[in-house]
Amino acid sequence: MVVGVMGAMPEEIEPIIGRLENVQKHEVAGNTYYTALYGSIDLVIAYSKIGKVFSALTAATMIEKFGVQKMLFSGVAGAINPELKIGDLIAATKLCQHDLDITAFGHPYGFVPEGKVFVEANPRLLEIAADVARKLGVKLKQGVIATGDQFVASLERKSWIGETFNADALEMEGASVAVVCDALNVPFFILRAISDAADMDAGFDFDTFLQSSALKSAEFIFAMLDEL
Ligand SMILES: Nc1ncnc2c(CN3C[C@H](CSc4cnccn4)[C@@H](O)C3)c[nH]c12
């Protein structure tokens, strides 16, 4: 089985690469893809670079060029739901694009013709994640993740996203990966560990907690791989 593990930033995949042996590097379309065997799983790992466009390119490349059959995303996110504290894990049940806006034509936020506001994650992978969380004795929130091409550091914007999409967390890549995987019929699982609260302290908190939160997400992803 070929499984893709994506992040957006180097810090999000470094904890993954660091645990693998005999890692091969492949340069494709301006990005580096790492391959390695993990048990009986052929792993393809990459960080996309930040944002929806780069992450869509990486997801499509992993599937079309490397034959990825299941896609896992590991990274960090800003919290919207006040239950979510720094370091907490959230798996996306569905994802939307909070900055997609053609409401001038009467469409809802996050919608374009022939598209859909929410893309649903793979139920089987979410079940496996719930089992893994129980085995590890860790809390795993399952909820709505909103994606947009902006680092959110304002209570006003964060609240608007939360109210408009009933979102629990926000980031910049999950929904674009979801659209690509959904279109190409590849099951996907988006996991994030909270690095900040997307408020006025977001920039400072992000810098402080990126590494520790990225590690928490990566460790959970490895536990998922052991159950695939
Ligand atoms: N509050 C938030 N808003 C939007 N996204 C996030 C995230 C998730 N990632 C981190 C990173 C922020 S931009 C970036 C740019 N340069 C350096 C570091 N990060 C981008 O890949 C999205 C964590 N907190 C977020």
Result of checking K141, R192, E83 against D168 for side chain to side chain contact (heavy atoms under 4.5 Å, CB included):
K141
Starting from M6, can I reach I45 by hopping between I/L/V/M/F/W/Y residues whose side chains sit under 4.5 Å apart?
no
What pairs with T208 under side chain to side chain donor-acceptor pair (under 3.5 Å), at least two apart in sequence or on another chain?
none
Whether T103 side chain and P108 backbone form a donor-acceptor pair below 3.5 Å
no
Short side-chain to backbone donor-acceptor contact, K25 and T32, under 3.5 Å
no
Work out which heavy atom in F151 is nearest to a heavy atom in G203; give both atom names and the distance.
CE2-N, 3.9 Å
Restricting to non-hydrogen atoms, name the atom on L95 and the atom on G174 that form the minimum distance, rounded to 0.1 Å.
CD2-C, 3.5 Å
Do you know which two heavy atoms are closest between T147 and A175, and how far apart they sit?
OG1-N, 2.9 Å
Any side-chain to backbone donor/acceptor pair from Q97 onto G110? Under 3.5 Å, distance only.
no
Using the rule that Ile, Leu, Val, Met, Phe, Trp and Tyr join whenever any side-chain heavy atoms are under 4.5 Å apart, tell me whether I221 and L89 fall into a single cluster.
yes
How far apart are the C-alpha atoms of N31 and T58, what are their side-chain angles, what is the distance that settles it, and do they pass the side-chain hydrogen bond (donor to acceptor under 3.5 Å, both in side chains) test?
CA-CA 8 Å; N31 212 3; T58 294; 3.0 Å; yes
Please examine the side chains of L225 and L43, heavy atoms only from C-beta on, and report whether any two atoms are closer than 4.5 Å.
yes
Donor-acceptor pairs under 3.5 angstrom involving side-chain atoms of residues 124-133: please list them, not counting sequence neighbours.
from: R124; atom 1: NH1; to: E127; atom 2: OE1; distance (Å): 2.8
from: D131; atom 1: OD1; to: R134; atom 2: NH2; distance (Å): 2.4

Are L140 and L228 co-members of a hydrophobic cluster defined by side-chain heavy atoms under 4.5 Å apart?
yes
Tell me the closest heavy-atom pair linking A92 and A121, and the distance in Å.
O-CB, 3.2 Å
Heavy-atom closest contact (A178 atom, V119 atom, distance):
O-CG1, 3.7 Å
Answer yes or no: is there a side-chain heavy-atom contact under 4.5 Å between Y47 and K49?
yes
Quick one: does K116's side chain have a donor or acceptor within less than 3.5 Å of a partner on P113's backbone?
no
Of all residues at least two apart in sequence or in a different chain, which pass the side chain to side chain donor-acceptor pair (under 3.5 Å) check with E64?
none
Checking the side chain of D149 only, and the main-chain atoms of K52 only, is there a donor and an acceptor separated by less than 3.5 Å?
yes
Taking all atoms of both residues into account, what is the closest heavy-atom pair of G67 and V2, and its distance?
O-CB, 3.5 Å
Output yes when a side-chain donor or acceptor of S212 lies under 3.5 Å from a complementary backbone atom of F209, and no otherwise.
yes
Please report the interatomic distance CD1(I194) to CD1(I90), rounded to the nearest 0.5 Å.
6.0 Å
When clusters are formed by joining ILVMFWY residues with side-chain heavy atoms under 4.5 Å apart, either directly or through shared neighbours, do M1 and M62 land in the same one?
no
Same cluster or not: are V28 and V180 linked, directly or through other Ile, Leu, Val, Met, Phe, Trp or Tyr residues, by side-chain heavy atoms under 4.5 angstrom apart?
yes
Mind running salt bridge (charged side-chain N to carboxylate O under 4.0 Å, His left out) on D199 and K158 for me, showing each step along the way?
CA-CA 7 Å; D199 57 10; K158 154 186 177 171; 5.1 Å; no
Find the distance between CD1 (I50) and CE (M172) and round it off to the nearest 0.5 Å.
6.5 Å
Listed partners of F66 passing ring-ring contact (aromatic ring centres under 6.0 Å, His included), at least two apart
H26, Y33
Looking at L210, is its backbone amide N or carbonyl O close enough to the side chain of S213 to form a donor-acceptor pair, meaning the two atoms are under 3.5 Å apart?
no
Solution key, residues 8-21 side-chain donor-acceptor pairs under 3.5 Å, sequence neighbours excluded:
from: E12; atom 1: OE1; to: A8; atom 2: N; distance (Å): 2.8
from: E12; atom 1: OE1; to: M9; atom 2: N; distance (Å): 3.0
from: E12; atom 1: OE2; to: V76; atom 2: N; distance (Å): 2.9

Could you walk me through whether D226 and Y38 pass the side-chain hydrogen bond (donor to acceptor under 3.5 Å, both in side chains) test, one step at a time?
CA-CA 9 Å; D226 293 337; Y38 179 73; 2.6 Å; yes
Between I145 and E171, is there a side-chain heavy-atom distance shorter than 4.5 Å?
yes
For atom CD of Q150, is the number of surrounding heavy atoms from other residues, nucleotides or ligands below 6.0 Å larger than 12?
yes
Are I63 and C181 packed together at the side-chain level, in the sense that at least one heavy-atom pair is separated by less than 4.5 angstrom?
yes
OG1 on T164 to CG on N166, rounded to 0.5 Å
10.5 Å
Check: S217 side chain, G75 main-chain N or O, donor-acceptor pair, under 3.5 Å
yes
Would you give the length of the straight line joining atom OG of S74 to atom CD of E219, rounded to the nearest 0.5 angstrom?
10.0 Å
Whether E173 side chain and G51 backbone form a donor-acceptor pair below 3.5 Å
yes
What's in the same ILVMFWY side-chain cluster as F165, cut-off under 4.5 Å, chained through other members?
I80, Y109, F111, V117, F118, V144, V152, W160, I161, L170
